[in-house]
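Residue numbers begin at 1 in each chain, while the letters A, B, ... track the order of the sequences.
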There are 2 protein chains.
Amino acid sequence: MYIQVKNVNFTEELKIMLNKNRIPQYKKLYQILRKHVDEGIYRQGDLLPSENELCQLYGMTRPTVRQALSALANEGYIRKHQGKGSIVTNMPRDIGILSVSGTTSAVGDRNLRTKIIVKPVLIPWPQEFMFPLSDIERESGCIYMERLRLLDDEPIFYDISYIANINLPRITARKFENRSLFKILRDHYQVEIKGGEQRIKAIPASAKISRYLKLKRGSPVLHLERKMETNVNGLYLYSSIYCNTHKYSIFGRF
Amino acid sequence: MYIQVKNVNFTEELKIMLNKNRIPQYKKLYQILRKHVDEGIYRQGDLLPSENELCQLYGMTRPTVRQALSALANEGYIRKHQGKGSIVTNMPRDIGILSVSGTTSAVGDRNLRTKIIVKPVLIPWPQEFMFPLSDIERESGCIYMERLRLLDDEPIFYDISYIANINLPRITARKFENRSLFKILRDHYQVEIKGGEQRIKAIPASAKISRYLKLKRGSPVLHLERKMETNVNGLYLYSSIYCNTHKYSIFGRF
DNA sequence: TAAATTAACTTGTATATACAAGTAAAAAAT
DNA sequence: ATTTTTTACTTGTATATACAAGTTAATTTA
């Protein structure tokens, strides 16, 4: 018995391998600028360098720079004004809960604490899941976790997360206290959230939810069911989020 | 007494006037394709003509066509797949409530009826408004209206709208039954919603809201406060929306 | 001094071109 | 017949260029 090897040009293969994780220039610039906004190097209201300046700084042509900027504009990080320039938007981090980022970034990282209620465990998917699942997802099982998010020591979010166990080695061993699940996925697994869908309801607090969110039973609670698409084919993130909106509203840009 | 006329080249002025309402090519294509999707000429899952075909069909170059397509993709009308093509997304109309379009399009126009509770009237702005107002907005007064939206004869949305009275002649005379406010603004005033922000809460139904939405007092209701930016400088639309989410969820893509 | 014009920026729109990379079906090889 | 390769499509990335149009500040003009 022998293994048949496909007839390939190995130098070609190697080139492809090396180029596989190649990040396009416009995406590099996008990531740099987003990081600068996130880290406060550019603050709200600041003017970004002009497109021509960015061309010079990073050695690209204007269409490439514009591609990066329009990605930032689409996600609400900046707003472009003809004749003036690109202005950093007031609260890019607050897109959060209604957009691409996770709940950690939804409130600005400041006074948010995360308490793990149920550590990440690998379980079979629930019989009746809130979204339809593919066969691959069903087969690979589900990484399940429950987290309580406290803002100024008040419980605000109760998160239940479900992730298909696809290509995420050792994820159940990681620490999720005070870190965004999304950041971990991005930094350690190169998983980027690309979009998704959600359903929103106002519901009366159940016994469990009222206990965790320290509310009276039956008082109104915001309930989000979210399905998030990633750059990894077939990998979706699901979460069911209960929010105490008595004191804080959920804020979003669109 | 005489009126001093600015020294201008009138042919130049005329040219500018005529070009003033000129719509860019990519925007024309964007509008055409969006209309086709809205009207069901392209249905969910359908493949749009390829970029090169669109180039030929509409006499543009590929970058221009791509600009139109990426606008559609950003708003969730299509999804692009390298190597395959642009696929019409399952429920582009349902972006509605959480995105750019109005509530009429949020549920697909089908069984939605609109009942005017308070006809559009010009009033001064409320003392304590949910969003800060500019001086121009305050001075120009506020077009106010209340509408109840029924889905299959069940009251679902209670809309309170506020619009600054800037350059919207005769708007209080228009009929808003069963039509989207946004569509009227777009078709008659060339006002396009470009983005905005919103706050979402779960609150107990007040006496008024419970009456209109046919709910028990105190039962959970979704409350949205929205500020929408337009292409008209200084013109914002505001609305306060109460939703009965017992039967239906609010759905959104991001 | 005050108004108007000009100049020097900014982003917006558009063309033309080239090659990379993903997909799917036809064609060729086994 | 089955597998592999090729081919012909698709969208993605990138450059180079040009002019339009909005904004702001400096300059000129009255």
Side-chain angles (χ1 to χ4, degrees), chain A residues 3-9 12-13 15-31 46-56 58-74 78-88 194 231-233, chain B residues 3-9 12-13 15-31 46-56 58-74 78-88 192 194 231-234:
Chain A
I3 296 164
Q4 186 166 359
V5 178
K6 218 170 70 175
N7 178 21
V8 289
N9 181 336
E12 263 307 308
E13 280 284 284
K15 211 172 95 185
I16 288 165
M17 287 279 284
L18 289 171
N19 278 12
K20 201 69 188 181
N21 289 8
R22 177 182 150 274
I23 297 167
Q25 292 190 74
Y26 83 88
K27 207 165 271 183
K28 274 187 214 162
L29 177 56
Y30 159 79
Q31 288 171 342
D46 281 4
L47 221 53
L48 243 48
S50 80
E51 297 180 352
N52 284 322
E53 286 172 320
L54 290 172
C55 291
Q56 277 212 305
Y58 296 96
M60 313 170 176
T61 57
R62 197 152 83 92
T64 307
V65 167
R66 282 178 65 79
Q67 205 173 345
L69 291 180
S70 72
L72 289 166
N74 280 325
I78 61 170
R79 189 139 301 197
K80 308 186 78 183
H81 291 280
Q82 188 174 0
K84 280 208 252 181
S86 300
I87 293 167
V88 175
K194 295 194 74 175
N231 57 338
V232 178
N233 208 295
Chain B
I3 296 162
Q4 187 165 359
V5 178
K6 219 171 70 176
N7 178 21
V8 289
N9 181 335
E12 264 306 309
E13 279 284 283
K15 210 171 97 186
I16 288 164
M17 286 281 284
L18 290 171
N19 278 13
K20 201 70 189 181
N21 290 7
R22 177 183 149 274
I23 296 167
Q25 292 190 74
Y26 83 90
K27 206 164 271 184
K28 273 187 215 161
L29 178 55
Y30 160 80
Q31 287 172 342
D46 281 4
L47 221 52
L48 242 47
S50 80
E51 296 180 351
N52 283 322
E53 285 172 319
L54 290 172
C55 291
Q56 277 212 304
Y58 296 96
M60 313 169 175
T61 57
R62 198 151 82 90
T64 307
V65 168
R66 283 178 65 78
Q67 204 174 345
L69 291 179
S70 72
L72 288 167
N74 281 325
I78 61 170
R79 190 140 300 196
K80 307 186 79 183
H81 291 280
Q82 188 173 1
K84 279 208 252 179
S86 300
I87 293 167
V88 175
E192 297 257 11
K194 294 193 75 173
N231 58 337
V232 178
N233 209 296

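Not one side-chain nitrogen or oxygen of B:K84 sits closer than 4.0 Å to the OP1 or OP2 atom of D:dT11. Between B:S86 and D:dT10 there is no side-chain N or O to OP1 or OP2 distance below 4.0 Å.
Between B:R62 and A:H81, the residue whose closest nucleotide on DNA chain C is further toward the 5' end is A:H81. Along DNA chain D, the nucleotide nearest A:G83 and the nucleotide nearest B:G85 are compared for position; the residue whose nucleotide lies closer to the 5' end is B:G85.
Here A:P24 lies in heavy-atom contact (under 4.0 Å) with sugar-phosphate atoms only. If you check every strand for non-hydrogen atoms under 4.0 Å, A:S50 touches sugar and phosphate atoms only.
Distance A:I23 CD1 to D:dG12 P: 18 Å, rounded to the nearest Å. Taking atom CZ of residue A:R66 and atom P of nucleotide D:dT15, one finds them 15 Å apart after rounding to whole Å. Spacing between atom CD of A:Q82 and atom P of C:dT13 amounts to 7 Å, rounded to whole angstrom units. Taking atom CG of B:L29 as the reference point, atom P of C:dT13 lies 14 Å away to the nearest angstrom. In this entry the distance linking CD1 of A:I87 with P of D:dT23 reads 11 Å, nearest Å. Atom CG in B:L69 sits about 8 Å away from atom P in D:dT11, given to the nearest Å. The distance between atom CG of A:N52 and atom P of C:dG12, rounded to the nearest whole Å, is 12 Å. Rounded to an integer number of Å, the gap from A:Q67 CD to D:dA16 P is 16 Å.
Within the model, atoms NZ of B:K28 and CD of B:Q25 stand 6.0 Å from one another, a figure rounded to the nearest 0.5 Å.
Contact detail for A:Y30 and A:A68: the closest heavy-atom pair is N-CB, 3.8 Å.
You'll find the side chain of A:L29 stays beyond 4.5 Å of the side chain of A:Q67, heavy atoms only. Inter-residue side-chain proximity for A:I87 and A:H81 is flagged as met; some heavy-atom pair is nearer than 4.5 Å.
Each of D:dG12, D:dT13, C:dT11 was ranked by its minimum atom distance to the side chain of A:K27; first place goes to D:dT13.
Summarising the local packing, CD of B:Q56 is surrounded by 12 or fewer heavy atoms from other residues, nucleotides or ligands at distances under 6.0 Å.
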